[in-house]
Protein chains: 2
Amino acid sequence: MAGHHTITETERQVENKLGGLPINFTATAAVSNIFRGATAVRNQLERTVLRPSGLSWTAFVVMWVVWVWEPIETRAIASEGGFSKATLTGVLTTLEARDFVTREKSPLDGRLVLVRLTDSGRELMENLFPKFNAMEEQIVSGLTAAETLTLATLLRKVTQSIEGDD
Amino acid sequence: MAGHHTITETERQVENKLGGLPINFTATAAVSNIFRGATAVRNQLERTVLRPSGLSWTAFVVMWVVWVWEPIETRAIASEGGFSKATLTGVLTTLEARDFVTREKSPLDGRLVLVRLTDSGRELMENLFPKFNAMEEQIVSGLTAAETLTLATLLRKVTQSIEGDD
DNA sequence: TGTTAATTGTTCGTACCCGAACAATCTTGG
DNA sequence: CCAAGATTGTTCGGGTACGAACAATTAACA
């Protein structure tokens with residue numbers, strides 16, 4: 001777990017302070033950088049693109065998933081977006097209150113809820129997503145195309161080994 | 001932004017649905033996988049190691065940073081851990097209530113607050129950190145050592161290009 | 001020396017975030 | 001056909017998470 005201190009500084013301090021405790025620093029560096037990277041990326045996208053439109057990160061992810069796959073069941077949105085059903089219920093409540101999505105019970109199975117974008121939700125995404133994607137491009141602009149692909153591939157490997165699915 | 005659907009599936013659906021909108025899918029894949037990876041890693045570590053000890057992810061990060069660098073100013077903890085000062089105040093309040101840390105005003109500058117672990121806080125970390133690091137190792141066990149280092153390096157490049165510092 | 005500017009940590013309001021428990025609904029098995 | 005088991009989405013409680021505003025303190029400048 002290291003932020004601004006380099007791995008070497010942290011290793012040295014941990015050696016001094018924690019007295020020879022066996023630590024896999026490479027694993028620690030990878031894990032902490034995944035998390036630091038995610039926080040930095042999310043904050044950057046929220047600050048420059050999303051907040052001016054009144055959306056949080058997760059609200060945007062939900063809108064994007066619905067935009068691409070609608071009509072879609074809530075359990076599929078949660079799975080696709082990587083958050084819990086409880087979180088999704090709260091975010092959908094927020095989006096519905098802003099008239100960006102609708103929810104309706106599935107005619108096929110009374111347990112299921114189907115979600116669609118409204119006209120204003122679709123319009124919001126048409127305006128917003130190009131800006132979002134431009135900022136995504138800027139975020140990875142310090143990497144080569146091959147490095148960007150490698151990064152996505154290694155992260156997907158990590159996520160799949162945790163979640164144990166496709 | 002894609003979860004369980006592969007990049008190819010998502011590309012195809014986006015092409016069908018959004019009609020030739022120019023999208024940099026490699027950037028999207030990298031950004032969404034950073035975020036998905038972070039959520040998966042955090043949930044895995046919280047579920048298996050942290051929650052049994054009553055700590056959240058961020059509470060653990062704070063404890064770790066204080067453990068390594070104590071006594072440490074709150075502004076340095078926030079910077080090192082990558083979250084806001086407002087968030088840190090709340091987490092420190094929780095940790096202080098559980099008698100894991102102490103806060104005291106700096107004798108050198110009345111604006112600053114210094115944080116240390118308590119004895120029970122130190123004992124908690126001595127017990128917890130080896131388990132945490134073992135789970136970190138397991139999380140990256142699907143990668144080679146070179147891939148793990150590459151992952152950390154690419155993520156650090158991304159984070160530094162956003163935050164624009166060392 | 002006094003005023004202005006900057007910095008720090010806290011508070012407030014709002015929005016996530018999730019596990020557990022629950023009610024409603026569907027599936028499975030006898 | 002009915003009971004038991006499983007699944008779904010919602011609610012609840014507790015914990016982040018952050019920007020803006022604020023009070024207290026220090027730094028800078030004339």
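Proteins get letters first, then strands, A, B, ... in listed order; numbering begins at 1 in each. Side chains are part of it too, since the values below use all heavy atoms of this structure and drop only hydrogens, waters and symmetry mates.
Heavy-atom distances to DNA chain C give each of A/Thr87 and B/Arg103 a nearest nucleotide, and the one nearer the 5′ end belongs to B/Arg103.
Backbone-only contact: B/Ser56 has heavy atoms under 4.0 Å from sugar-phosphate atoms and none from a base.
Protein atom CZ of B/Phe35 is 10 Å distant from nucleotide atom C1' of C/dC16, rounded to whole Å. Atoms CG (B/Leu50) and P (C/dC17) sit 18 Å apart, rounded to a whole Å. Rounding to whole angstrom units, CG of residue B/Leu45 and P of C/dG19 are separated by 14 Å. Note: CZ (A/Arg47) to P (D/dA20) measures 11 Å, nearest angstrom. In this structure, the CZ atom of B/Arg51 is 9 Å from the P atom of C/dC18, given to the nearest Å. Atom CD of A/Glu46 and atom P of C/dC16 are 9 Å apart (whole Å). Here the P atom of nucleotide C/dT8 and the CD1 atom of B/Ile77 are 14 Å apart, to the nearest Å. Note: CZ (B/Arg75) to C1' (D/dC18) measures 20 Å, nearest angstrom.
An OP1 or OP2 oxygen of D/dG14 is reached within less than 4.0 angstrom by no side-chain nitrogen or oxygen of B/Arg98. Contact check, B/Thr89 against C/dG9: no side-chain N or O comes under 4.0 Å of OP1 or OP2.
Judged purely by atom type and a 3.5 angstrom limit, B/Ser106 uses its side chain to pair as donor or acceptor with the backbone of B/Leu108.
Under the 3.5 Å distance criterion, with hydrogens and angles disregarded, no donor-acceptor pair is assigned to the side chains of A/Asn33 and B/Thr159.
In the displayed structure, A/Asp119 atom CG is contacted under 6.0 Å by at most 12 heavy atoms of other residues, nucleotides or ligands. Within a 6.0 Å radius of CD in B/Glu123, other residues, nucleotides and ligands contribute 12 heavy atoms or fewer.
Ring to ring, B/Phe132 and B/Trp64 are not that close: their centroids are 6.0 angstrom or more apart.
Side-chain contact between B/Phe100 and B/Leu92 is absent, with no heavy-atom pair separated by less than 4.5 Å. Contact of the A/Glu80 side chain with the A/Ile77 side chain is not registered, since no non-hydrogen atoms from C-beta on lie closer than 4.5 Å.
For A/Lys85, the side-chain atoms get nearest to D/dT10 when compared with the rest of C/dT11, D/dT10, C/dC18. Considering only side-chain atoms of A/Val91, the nucleotide from D/dC18, D/dG15, C/dC16 that sits closest is C/dC16. Counting only heavy atoms from C-beta on, B/Thr74 has its side chain closest to C/dT8 among D/dG9, C/dT8, D/dC18. Among C/dA15, C/dC16, D/dC18, the nucleotide with an atom closest to any side-chain atom of B/Phe83 is D/dC18.
For the contact set between residues 107-128 of chain B and DNA chain C, defined by any heavy atom under 4.0 Å, the members are B/Arg111, B/Leu112, B/Val113.
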